[in-house]
Amino acid sequence: MTTRYQAPRGTQDVLPEMQPYWQAVLDQAREVARLHGYHRLDTPMFEQAGVFEKGSGDTTDIVEKEMYTFTDRGEEHLALTPEWTPASCRAYLEHGMASWPQPVRLWTTHPMFRYDRPQKGRYRQHTQFGCEVIGSEDALVDAEVIGILWALYGRLGIRDVVVRLGSIDDHGPRRDYVQRLQDYYRPHLEKLSEDSKRRFERNPLRLLDSKDERDQPFKDAAPKLVDMLSPGAQAHHETVMAALQSAGIAFEIDPLLVRGLDYYNRTVFEIVPTEDERAQSTIGGGGRYDGLIEILGGPPTPGIGFGSGIERIILEMQKNGVSFDAAASADVYIVHRAEGSQPVAFRMAAELRKRGLSTVIGESGRSFKAQMRAANASGAQQAIIIGDDEMASGTAVLKPLRGDAEQRKVPFERVAGELGAGA
RNA sequence: GCAGCUGUAGCUCAGUUGGUUUAGAGCGCUGGUCUGUGGAACCAGAGGUCGGUGGUUCAAAUCCACCCAGCUGUACCA
């Protein structure tokens with residue numbers, strides 16, 4: 001018994017029946033990006049690991065526990081892309097995009113790799129639609145990228161989603177806030193969950209994000225960052241909200257929204273289904289990262305962007321009842337069974353394809369009945385029948401498979417012209 | 001990472017308190033009834049070491065242990 005191979009844990013095959021969903025998402029993503037004036041950028045599947053270790057932050061879960069890293073034969077320390085933002089910033093610096101007209105608006109669809117526990121909507125390899133705007137600190141750009149996702153989901157038939165919006169201020173003022181937060185929690189430290197005790201030291205902001213029962217009593221009275229933003233961040237936040245409001249984008253302020261990446265400042269957001277309480281239901285999320293380019297060795301340069309998981313978008317589409325008719329696998333199906341019919345069928349198929357008709361040739365050895373069944377199942381509009389009589393007379397039978405039209409005889413050399421003309 | 005649930009043909013599932021040698025059904029697939037005409041019907045066939053390994057037993061799909069995979073929640077995140 002040979003072992004049966006299977007797709008690696010957390011990866012999946014996208015079967016033909018699912019391709020219409022992918023095609024729809026990819027098409028609409030491209031269109032929405034175009035409508036907003038974004039340029040496509042593709043980056044490699046893997047990068048020097050430092051891009052993420054420095055860029056994403058080496059205490060983040062993504063880098064600490066989830067990154068696929070490896071050393072190649074040349075002793076280079078590499079990582080499969082776990083998120084796109086640092087990669088796009090690396091490309092921005094490497095290609096001197098600072099000398100392009102600012103800001104630079106970029107988009108992509110890119111596979112992402114994270115070594116975490118697979119579940120529905122959570123995979124070790126998934127694909128994200130991502131947009132980044134580098135070189136602008138305008139709050140209107142924050143609203144713009146949120147608007148891109150909003151437009152995309154709307155075009156794909158996804159209803160009942162809401163933007164969760166927050167601001168986590170700039171890095172400087174945030175230090176003061178974190179101090180206050182720790183002062184608040186310090187007396188209660190013993191009563192907190194184990195996770196939260198750890199958070200207290202390593203990432204105090206996440207204290208507010210806890211879902212543990214024991215931590216709930218302390219959350220309400222805790223100081224909220226959105227209530228004490230620095231003047232600059234406050235004005236920025238208000239501009240974003242006003243813009244979203246004017247565009248009719250449904251959002252709610254989430255004072256507890258803290259995202260897992262170190263580089264975020266000011267605007268952070270997620271888009272979630274209104275009704276769905278699942279842990280991994282977020283379909284898109286992002287935020288501002290004004291310090292990131294500098295961390296990667298560039299000049300101070302503001303930026304903002306998001307990622308949205310295509311697999312999760314498709315799950316939402318299905319929940320919203322979006323479906324696609326099974327596509328016909330051919331326009332024309334050639335049924336043939338006669339001495340010497342193979343070259344005739346083969347050549348006829350080539351002629352038809354030249355005229356743009358997708359054409360499939362039946363299996364030479366099978367009975368007429370079997371081939372006709374296959375022709376019907378293919379969804380083809382027309383069957384072409386070539387048997388002994390046809391070979392003798394040099395004419396093929398054209399049999400419409402869908403309408404009421406009668407079948408007719410057409411000389412071999414005119415078949416492609418007859419069918420192609422109507423196409 | 002932690003906790004729980006699940007695992008029998010390609011798919012959806014039956015399988016009685018462990019006990020008849022070749023483990024079943026529907027759908028799908030292939031073929032036939034109809035060696036030249038699809039959609040319907042009928043008939044037949046192929047396809048499973050019952051997730052894997054080891055153990056208990058005269059006997060395991062059924063009981064036990066471990067492993068693998070999927071799902072659910074949680075930590076995180078898209």
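We use all heavy atoms of the structure for the numbers below, so side chains are in, but hydrogens, waters and symmetry mates are not. Order of the sequence lines sets the chain letters (A, B, ...), proteins ahead of strands, with each chain counted from 1.
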Under 4.0 Å, counting only non-hydrogen atoms across every strand here, what does [X] touch: a base, just sugar-phosphate, or nothing?
{"X": "G286(A)", "answer": "nothing"}
{"X": "Y123(A)", "answer": "base"}
{"X": "R402(A)", "answer": "base"}
{"X": "Q407(A)", "answer": "base"}

Q.
Let me confirm one number: the CZ-CD1 distance from F269(A) to I146(A), rounded to the nearest 0.5 Å.
A.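 F269(A) atom CZ to I146(A) atom CD1 measures 5.0 Å (nearest 0.5 Å).
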(Q) Rounded to the nearest 0.5 Å, what separates atom CZ in R34(A) from atom NE2 in H39(A)? (A) 12.5 Å
What donor-acceptor contacts under 3.5 angstrom involve side-chain atoms of residues 302-311 of chain A, with partners at least two apart or in another chain?
{"residue": "S308(A)", "atom": "OG", "partner": "Y153(A)", "partner atom": "OH", "Å": "2.6"}
{"residue": "S308(A)", "atom": "OG", "partner": "I283(A)", "partner atom": "O", "Å": "2.6"}
{"residue": "E311(A)", "atom": "OE1", "partner": "T127(A)", "partner atom": "N", "Å": "3.1"}
{"residue": "E311(A)", "atom": "OE2", "partner": "T127(A)", "partner atom": "N", "Å": "3.2"}

Q.
Measuring from the side chain of L401(A) (C-beta onward, heavy atoms only), which nucleotide among rG38(B), rC71(B), rA78(B) has the closest atom?
A.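 Shortest atom-to-atom distance from the side chain points to rG38(B).
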Q. Among the nucleotides rA78(B), rC76(B), rG38(B), which one has an atom lying closest to any side-chain atom of R312(A)?
A.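 Comparing rA78(B), rC76(B), rG38(B) against the side chain of R312(A), the answer is rA78(B).
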Quote, to the nearest angstrom, the [atom1] distance that separates [N] from [M].
{"N": "rU8(B)", "M": "rU33(B)", "atom1": "C1'", "value": "33 Å"}
{"N": "rC71(B)", "M": "rG31(B)", "atom1": "C1'", "value": "39 Å"}
{"N": "rU6(B)", "M": "rG51(B)", "atom1": "P", "value": "13 Å"}
{"N": "rU17(B)", "M": "rA9(B)", "atom1": "C1'", "value": "28 Å"}
{"N": "rA3(B)", "M": "rA14(B)", "atom1": "P", "value": "29 Å"}
{"N": "rG7(B)", "M": "rC29(B)", "atom1": "C1'", "value": "24 Å"}
{"N": "rG24(B)", "M": "rU16(B)", "atom1": "P", "value": "15 Å"}
{"N": "rA23(B)", "M": "rA60(B)", "atom1": "P", "value": "14 Å"}

Using whole Å, what does the distance between atom [atom2] of nucleotide [N] and atom [atom1] of [X] come to?
{"X": "R114(A)", "N": "rC76(B)", "atom1": "CZ", "atom2": "C1'", "answer": "9 Å"}
{"X": "Q6(A)", "N": "rC68(B)", "atom1": "CD", "atom2": "C1'", "answer": "8 Å"}
{"X": "E17(A)", "N": "rG28(B)", "atom1": "CD", "atom2": "C1'", "answer": "13 Å"}
{"X": "Y333(A)", "N": "rU37(B)", "atom1": "OH", "atom2": "P", "answer": "17 Å"}
{"X": "N376(A)", "N": "rC29(B)", "atom1": "CG", "atom2": "P", "answer": "11 Å"}
{"X": "L315(A)", "N": "rA78(B)", "atom1": "CG", "atom2": "C1'", "answer": "11 Å"}
{"X": "L257(A)", "N": "rC76(B)", "atom1": "CG", "atom2": "C1'", "answer": "14 Å"}
{"X": "D116(A)", "N": "rC76(B)", "atom1": "CG", "atom2": "P", "answer": "13 Å"}

Q: On RNA chain B, check which nucleotide each of G10(A) and Y264(A) is closest to and give me the residue with the more 5' one.
A: G10(A)
Q: Could you check T11(A) against H126(A) and say which one's nearest nucleotide on RNA chain B is further toward the 5' end?
A: T11(A)
Once you apply the 3.5 Å cut-off to both distances, tell me the Watson-Crick or G-U wobble partner of [N], or none.
{"N": "rC5(B)", "result": "rG70(B)"}
{"N": "rA59(B)", "result": "none"}
{"N": "rG31(B)", "result": "rC43(B)"}
{"N": "rA14(B)", "result": "none"}

Q. Can you check whether R9(A) has a side-chain N or O nearer than 4.0 Å to OP1 or OP2 of rG70(B)?
A.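 For rG70(B), OP1 or OP2 has a side-chain N or O of R9(A) closer than 4.0 Å.
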Count the heavy atoms belonging to other residues, nucleotides or ligands that lie under 6.0 Å from [atom1] of [X], then report whether that count exceeds 12.
{"X": "K54(A)", "atom1": "NZ", "answer": "no"}
{"X": "R175(A)", "atom1": "CZ", "answer": "no"}
{"X": "D325(A)", "atom1": "CG", "answer": "no"}

Q: Say whether, by atom type as modelled, one donor and one acceptor occur between the side chain of H110(A) and the main chain of P44(A) under 3.5 angstrom.
A: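 Pair found, side chain donor or acceptor close to backbone of P44(A).
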Q) Is the base of rU30(B) touched by the side chain of E363(A) through a donor-acceptor pair closer than 3.5 angstrom? A)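 Flag unset: no donor-acceptor pair detected.
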Q: Begin from the C-alpha positions of R114(A) and D116(A) and carry the test salt bridge (charged side-chain N to carboxylate O under 4.0 Å, His left out) through to its verdict.
A: CA-CA 6 Å; R114(A) 296 180 196 173; D116(A) 58 9; over 6 Å; no
Q) In the 5'-to-3' direction, what one-character label does each nucleotide of nucleotides 31-36 of chain B receive under the scheme B = base within less than 4.0 Å of a protein heavy atom, S = sugar-phosphate only, - = no such atom? A) SBBBSB
Using a 3.5 Å cut-off and no angle test, enumerate the donor-acceptor pairs between side-chain atoms of residues 328-335 of chain A and protein atoms at least two apart in sequence or in another chain.
{"residue": "S329(A)", "atom": "OG", "partner": "S378(A)", "partner atom": "O", "Å": "3.2"}
{"residue": "D331(A)", "atom": "OD2", "partner": "S358(A)", "partner atom": "N", "Å": "2.9"}
{"residue": "D331(A)", "atom": "OD2", "partner": "S358(A)", "partner atom": "OG", "Å": "3.3"}

